[in-house]
**Q** 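Questions regarding the structure given below will be posed in turn.
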Amino acid sequence: MSGSFTPKSDFLATVMARGFVHQCSDFEGLDAKAKAGELIAYIGFDCTASSLHVGSLLPIMMLRWLQKTGNKPIPLMGGGTTRVGDPSGKDESRQLLSIEKIDENKAGIKQVFAKFLNFGAGKTDAEMPDNAEWLTKLNYIEFLRDVGRHFSVNRMLSMDSVNMRLERDQELSFIEFNYMCLQAYDFVELNRRYGCIAQMGGSDQWGNIVTGIDLGRRMGTPQLYALTTPLLTTASGAKMGKTAAGAVWLNSDMLPVYDYWQFWRNAEDADTGRFLKLFTELPLDEIARLEALGGAEINEAKKILATEATAMVHGRAAAEQAAETARKTFEEGALSENLPTITISAAEMGEGLGILSAFVKAGLVASTGEARRQIKGGGLRVNDVAASDEKAVLTRDQLSAEGVIKLSLGRKKHVLLRPE
RNA sequence: GGGGGAGUGUCCCGAGUGGCAAAGGGGGCGGACUGUAAAUCCGCUGGCUAUGCCUUCGUAGGUUCGAGUCCUACCUCCCCCA
């Protein structure tokens, strides 16, 4: 995509070398702005959940590098657009979130950003506006007159995303069509308010971003730029960030740090180098060395990936504790007190706790039925011994010296049961 | 407004033609093999106080010993014509 272009700015040089860049509307132009430290760029995030997940990490890292290389990042909250409901996809049951819920989500999301960006009023400090600030004040007639007249339907119809839907005879709602306009308008508004000149986003956002640039030109903003990131999938083609339990959240109250660490530790071999470049800040030569490790040695690289990536979100100390917990558990087969722990009351323990309900309480299985099936399949272990009798009862005799019983599902998921 | 078609196991797609806890995929989980990887093979993939009971095929009624399947009304979506 970049052809023979060689970036002169730290920002583009870094971000291109690390594999963040898919497409740019004008490499030279953007590079010059970044070189001068005048690049103010934004990325939009929606507020449909109270945390962001790994899927959002790529754009977040972009903003972080932007700031680290002396420019100003703006994560834009889609509080306004979220109020309309996301019309993409065929999920008709999209619920409109209440304003309170949206605010709550925004607060959770801001916690995540605070770990990656410095906020404040300085030149390179991040700011986090919400498009509700201007979108909710729009007046339909005025919007049509001042902004709407600049949109060419012909042009929008020729966009890939739209065209595809038309060809397949798929529904394309009016709201969805208007999303482009609102998003384009956000870009112009951010330029007016913050002097923002670039929008970044996933490659699927290209059309929307370019529409914003176009609108800007017609409405008299300075030249605007688009920069997109590749769509991230694992080497075997799966979407990033989905696991059994659901999304891989970035807030520790939604996903324990230990589990977050495990997510990265279990990356596919072929992804290790790419992930190190995208999700850690290790120097590239170090990454090249790790990436070159063959066979089982790649595991060392994955441990580093896990710890570094975890440290970015949860802090160095928590990351290292997770690494240590994993080391004890997997390499020594020893019991680590830092595994996820469930406390049960003395009353529940009583004379003994049925093995089925113990696993349900631990959250390892969803129902006693599933526990039964897992026992049949040899998937459950108590204190590292495979369970074979579904009528077995756990008693205090099985407590370890530390006063816990270790329950495991498969080789990787462990929970400690601690009676009071 | 007129005519035609569709909604299935709460992850998704999708058979289903009165005996159905409902074919087959995908995904997921577990087992084997490995290196906490991938690929491959095998098993599982409604709930429960469990040889039985309860709940599931858009919603609500009805016919029947028995309904995902037939009838009626309603809801939602799609297509064609105006």
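To find a chain, count down the sequence lines: A is the first, B the second, and so on, and within it residues start at 1.
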**Q** With a 4.5 Å limit on heavy-atom distance, are the side chains of A:Leu57 and A:Phe275 in contact?
**A** no

**Q** Taking the P atom of each, how far is B:A67 from B:C75, in whole Å?
**A**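 26 Å, rounded to whole Å.
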
**Q** Looking only at atom P, what distance separates B:C13 and B:U55, rounded to whole Å?
**A**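 Nearest-Å result for B:C13 against B:U55 at atom P: 27 Å.
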
**Q** Is the A:Phe279 ring parallel, tilted or perpendicular to the A:Trp264 ring (thresholds 30°, 60°)?
**A** tilted

**Q** Measure from NZ or CZ of A:Lys68 to the centre of the six-membered ring of A:Trp65, then state whether that distance is under 6.0 Å and the direction lies within 45° of the axis.
**A**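 Yes, A:Lys68 and A:Trp65 form such a contact.
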
**Q** What does B:U59 pair with, Watson-Crick or G-U, if both distances are under 3.5 Å?
**A** B:A73

**Q** Need the pair for B:A15. Rule: Watson-Crick or G-U wobble, both distances under 3.5 Å, any strand; none if unpaired.
**A**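 None - no nucleotide pairs with B:A15, as no candidate has both distances under 3.5 Å.
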
**Q** Roughly, in whole Å, what's the span from CZ in A:Phe263 to P in B:G28?
**A**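 Rounding to the nearest Å, CZ of A:Phe263 and P of B:G28 are 13 Å apart.
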
**Q** Mind checking the P distance from B:A73 to B:G5? Whole angstroms is fine.
**A**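 Approximately 15 Å lies between the P atom of B:A73 and that of B:G5.
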
**Q** Identify the residue among A:Val21, A:Val15, A:Leu58, A:Leu278 that makes a side-chain contact (heavy atoms from CB on, under 4.5 Å) with A:Thr229.
**A** A:Leu58

**Q** Pick the C1' atom in B:U76 and in B:A21, then give their distance to the nearest Å.
**A** 27 Å

**Q** Using whole Å, what does the distance between atom C1' of nucleotide B:U45 and atom NZ of A:Lys376 come to?
**A** 13 Å

**Q** In whole angstrom, give the distance that lies between atom CZ of A:Arg373 and atom P of B:G28.
**A** 18 Å

**Q** Would a 4.5 Å heavy-atom cut-off, applied to side chains only, mark A:Leu282 and A:Leu290 as touching?
**A** yes

**Q** Could you check if the base of B:U17 is syn or anti? Syn means the glycosidic torsion is within 90 degrees of 0.
**A** syn

**Q** Would you mind telling me which of B:U49, B:U45, B:G30 lies closest to the side-chain atoms of A:Gln374?
**A** B:G30

**Q** Applying the Watson-Crick and G-U wobble criteria at under 3.5 Å, what pairs with B:U64? Answer none if nothing qualifies.
**A**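 For B:U64, the partner nucleotide comes out as none, under the 3.5 Å rule.
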
**Q** Establish, from distance only, whether the side-chain atoms of A:Lys328 and A:Asn338 form a donor-acceptor pair under 3.5 Å.
**A** no

**Q** P atom, B:C79 versus B:G46: distance in rounded Å?
**A**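 To the nearest whole Å, 34 Å.
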
**Q** Does the distance from a Lys or Arg side-chain N to an Asp or Glu carboxylate O, for A:Arg316 and A:Glu308, drop under 4.0 Å?
**A** yes

**Q** Rounded at 0.5 Å granularity, tell me how far OG1 in A:Thr325 sits from CD in A:Glu320.
**A** 11.5 Å

**Q** Sugar-phosphate means primed atoms, P, OP1 and OP2; the rest is base. With that split, encode nucleotides 31-36 of chain B 5' to 3' as B, S or - using protein heavy atoms under 4.0 Å.
**A** SS--BB

**Q** When rounded to the nearest Å, what value does the distance between C1' atoms of B:A60 and B:U51 take?
**A**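 Going atom to atom, C1' in each nucleotide, I get 36 Å.
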
**Q** Whole angstroms only, please: what is the NZ-P distance between A:Lys391 and B:U49?
**A**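 Taking atom P of B:U49 as the reference, NZ of A:Lys391 is at 12 Å.
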
**Q** Partner of B:U34 by Watson-Crick or G-U wobble geometry, both contacts under 3.5 Å, or none?
**A**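 In the structure as shown, B:U34 has no Watson-Crick or wobble partner.
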
**Q** Report the base-pairing partner of B:G52 (Watson-Crick or G-U wobble, both distances below 3.5 angstrom), or none.
**A**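 Checking every strand shown, B:G52 finds its partner in B:C48, with both distances under 3.5 Å.
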
**Q** Nearest-Å distance, CD (A:Glu291) to C1' (B:A37)?
**A**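 Rounding to the nearest Å, CD of A:Glu291 and C1' of B:A37 are 15 Å apart.
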
**Q** Find the distance A:Leu293:CG to B:A38:C1' and express it as a whole number of Å.
**A**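 Whole-Å distance recorded here is 17 Å.
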
**Q** For B:A39, give its Watson-Crick or G-U wobble partner with both distances under 3.5 Å, or none.
**A** none

**Q** So which of A:Met200, A:Gln199, A:Gln23 actually passes side-chain contact (heavy atoms from CB on, under 4.5 Å) with A:Leu227?
**A** A:Met200

**Q** Quote, to the nearest angstrom, the C1' distance that separates B:C11 from B:G28.
**A** 8 Å

**Q** Report, as a single string ordered 5' to 3', how protein heavy atoms within less than 4.0 Å touch nucleotides 51-56 of chain B: B base, S sugar-phosphate only, - not at all.
**A** ------

**Q** What integer distance in Å separates A:Leu356:CG from B:A50:P?
**A** 11 Å

**Q** For B:U49 and A:Thr368 - does any side-chain N or O of the residue sit under 4.0 Å from the phosphate oxygens OP1/OP2?
**A**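 Indeed, a polar side-chain atom of A:Thr368 lies that close.
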
**Q** Distance between the P atoms of B:G66 and B:G19, in whole angstroms?
**A**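 14 Å, rounded to whole Å.
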
**Q** Kindly label the base of B:C41 as syn or anti, based on whether its glycosidic torsion lies within 90° of 0.
**A**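 Classified anti.
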
**Q** Please report the interatomic distance CD1(A:Ile298) to CG(A:Asp269), rounded to the nearest 0.5 Å.
**A** 5.5 Å

**Q** Would you indicate whether A:Lys115, at its atom NZ, is surrounded by more than 12 heavy atoms from other residues, nucleotides or ligands within a distance under 6.0 Å?
**A** yes

**Q** Between A:Arg372 (CZ) and B:G46 (P), how many Å, whole number?
**A** 15 Å

**Q** Searching all strands shown, indicate the nucleotide that pairs with B:G1 (Watson-Crick or G-U wobble; both distances under 3.5 Å).
**A**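 The base-pairing partner of B:G1, which may sit in any strand shown, is B:C81.
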
